[in-house]
Amino acid sequence: MTHGLNAAQSEAVRYLDGPCLVLAGAGSGKTRVITQKIAHLIEDKGFEPRHIAAVTFTNKAAKEMQERIGKLMEGKTTREGKRLPLKQLTVCTFHSLGVQILRMEAEHVGLKPQFSIMDSDDCFGLIQEQLGTTDKKLIRGVQSTISLWKNGMVDPETAIAQAANADEHQAALVYRNYVATLNAYQAVDFDDLIRLPAELFARNETVQLKWQNRLRYFLVDEYQDTNACQYQLLKLLAGGSHLRAPAFTAVGDDDQAIYGWRGATLDNLRLLQTDFPDLKVVKLEQNYRSTVRILEAANAVIANNPKLFDKKLWSEHGMGDPIAINPMNDEEHEAESVVFRLSAHKFERRAQFRDYAILYRGNHQARLFEQILRRERIPYVLSGGQSFFDKAEIKDICAYLRLIANPDDDPAFIRAITTPRRGIGNTTLEVLGTFAGQAKVSLFEAAMMGGIEAKLQPRQLEPLRVFCESMVRLADRAAKDPATVVLDDLMEGIHYEAYLYDAFDERQAQSRWTNTLEFLDWLKRKGTKPEAEAEGEATGFDNADGFGNEGKNLLELTQTVALMSMLEGREEDPDAVRLSTLHASKGLEYPHVFLVGVEEGILPHCREDEDMGDEKIEEERRLMYVGITRAQRSLHISWCKKRKRARETYSCEPSRFIGEMKLEEAPAPKDDMPAMSPKDRLGALKALLGNGGKAAQG
DNA sequence: AAGGCCTGGAGAGGA
DNA sequence: TCCAGGCCTT
């Protein structure tokens, strides 16, 4: 069963006598351990798939895990010779699990089952209103403070009591209001998806035991990224009870904890040992990714952090190429030079563009590289970027869906009723809002109530009522008719396409409409695909969230949309250089990596108004560690002696992390930059290659 | 006064 | 890229 695993991996897979922590160094095969352990539980230990949960942070990770499990278990059958019900496995994100719990237990947390999920933009809007300002920096600051409070399980009253200064006090007051507002809207934010189930389990043992019985073994991916709430949830579900022993495996790497600013805390690794004294710790130290030189540099850097667990990566790969450290004159020189070196390297190694990644600390650093790559017609892909679900047109449609599912969702009401415009403006909404406030009902309810007539002109009231009535009709039908039909009627009714072409220029409108259609199409597929059809799929899974969304009516579908991503359209994989932030590169690997802008102030990053505590430096160091360990075969590090800011140039120091890599004294960097302008150099190279750089689209 | 254009500056990001 | 703030219009 555990063939093909090394000793440590195999131990991690087979250990089931108690809680287990797998410290999986970079490139040590952690996903392998999780998937094999699931297979082991099912095949060798007689677990039913429905009793196992594997929890990740991203949809992408969840999907990848499903695929790997599917492949691993392909053709396997139960002991009775029946096909394994792999679909019943719970492989999903923390948030998706939270929603699932909340929908079923809504009554216990004072929500109706059709509660809405607000994304961060909606929440931003709420906080903006309360603060009465348009200062985005301030709003975002308050928003993240509130989020950190929530994730640290600090309630508003405590936050108010403990506020250390006027700003915090103000934020805490907003926090209290914000919680109350969400409640009035019958809505939750992303943080609530974890917090509410955790609080529920903590105070209601019956419900807790019910879920403990449903999910009997837990596997947690990227455990070092969990926050206080997620730990509580995990502990309450998998940490055992008077009826059952703890049953979980947490997989993570303390050296790759880079999400402290999002509330993740390494305390969770420490806590695991104190909360579970019999915790079995397995270290995976053999790296299957990188050459010895790269791993030694990574080890040397991370050795400067205080160690929670001592861990040293090793590899059976050869020494490999020396690591190149390249000082550059300024950021333009850096971009030109990196692109030049990359092209030359690719030519020498007969490699492909997709073998290369350029990694940087801050998103804006990508700009220059994009420029040069485009100019040289080298194809590239930018990691990250705006997600499909953040696009305005998708949010518009989602607002309608949310409103159909939950008429109390005021933000959705406002967005839907004003997009497209239908003769309802701010004045009408203000009157309606005041009225609703006094009557303590939602906007929707207020619009339908008696008494509102007196406050509004007939020509204001009329479109309001028309809108609400059409929503009521749609809601009725959404609960019974197929999603396809209802969606078509909705789109027909709101003239969305006409609105797009009216409100935007041709190009914009076209692209937005295309997105809209794609989204509708995706919804319809989700809504109509019958269970039986999914049976035949190779992986045995049919969606990215681990719960069956197929064949549901629109109402049910709408309730999970906020968390989903359309990963199923397999992203095309062009032969292109990858540009990525260090954060976004975690978990990925590339044969050849260029790590750029490795200077004091950038990596480690430092903001003027902020002091660099030890913990901050340590997280930056882990970021450097993540960067180094992305590389399989070659690693090129560059830093700029000078950078431009405003209209002056200032000089930079190489990052302390470069020194920490303890590279053997390299021979004086050979000058591979002849006395030519960068442009000429690239020209010369292309002449050398004789193919004009093999143009492709970026 | 309000609005469009340009220039400069910038942690990181998923549910 | 995106956002803000300054400056130049109307």
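Proteins get letters first, then strands, A, B, ... in listed order; numbering begins at 1 in each.
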S.K.: Between A/Asn227 (CG) and B/dA15 (P), how many Å, whole number?
M.R.: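 Rounded to the whole Å, the gap is 15 Å.
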S.K.: If the condition is side chain to side chain donor-acceptor pair (under 3.5 Å), which residues does A/Thr265 pass it with, not counting sequence neighbours?
M.R.: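 Once residues adjacent in sequence are excluded, the partners of A/Thr265 under the side chain to side chain donor-acceptor pair (under 3.5 Å) criterion are A/Asp267.
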S.K.: Round to the nearest Å and state the distance from A/Glu222 atom CD to B/dA15 atom C1'.
M.R.: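 Between C1' of B/dA15 and CD of A/Glu222: 15 Å.
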S.K.: To the nearest angstrom, how far is A/Lys136 atom NZ from C/dC2 atom C1'?
M.R.: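 Atom-to-atom, A/Lys136 to C/dC2, this comes out as 10 Å.
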S.K.: What's the CG-P distance between A/Leu138 and C/dA4, to the nearest Å?
M.R.: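 Rounded to the whole Å, the gap is 12 Å.
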S.K.: Distance check needed: C/dT1 P versus A/Leu579 CG, whole Å only.
M.R.: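 Rounded to the whole Å, the gap is 14 Å.
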S.K.: Going by side-chain contact (heavy atoms from CB on, under 4.5 Å), name the residues that satisfy it together with A/Leu148, two or more places apart in sequence or in a different chain.
M.R.: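 side-chain contact (heavy atoms from CB on, under 4.5 Å) list for A/Leu148, sorted by chain: empty.
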S.K.: Can you sort out the partners of A/Phe218 under ring pair (Phe, Tyr, Trp, His ring centres under 6.0 Å), two or more places apart, ordered by chain and number?
M.R.: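 For A/Phe218 there are no ring pair (Phe, Tyr, Trp, His ring centres under 6.0 Å) partners, ignoring immediate neighbours.
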S.K.: Restricting to side chain to side chain donor-acceptor pair (under 3.5 Å), what partner residues turn up for A/Arg361, sequence neighbours left out?
M.R.: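 Scan of A/Arg361 (side chain to side chain donor-acceptor pair (under 3.5 Å), adjacent residues dropped) gives A/Glu620.
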S.K.: Is the shortest distance from a Lys or Arg side-chain nitrogen in A/Lys60 or A/Glu64 to a carboxylate oxygen in the other one below 4.0 Å?
M.R.: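 The answer is no: the pair does not qualify as a salt bridge.
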S.K.: For each nucleotide in nucleotides 4-14 of chain B, reading 5' to 3', give B when a protein heavy atom comes within less than 4.0 Å of its base, S when such contact involves only the sugar-phosphate, and - otherwise.
M.R.: ---SSSBBBBB
S.K.: Mind checking ring pair (Phe, Tyr, Trp, His ring centres under 6.0 Å) for A/Phe657 and listing every partner two or more places apart, or none if nothing turns up?
M.R.: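 A/Phe657 satisfies ring pair (Phe, Tyr, Trp, His ring centres under 6.0 Å) with no residue once adjacent residues are dropped.
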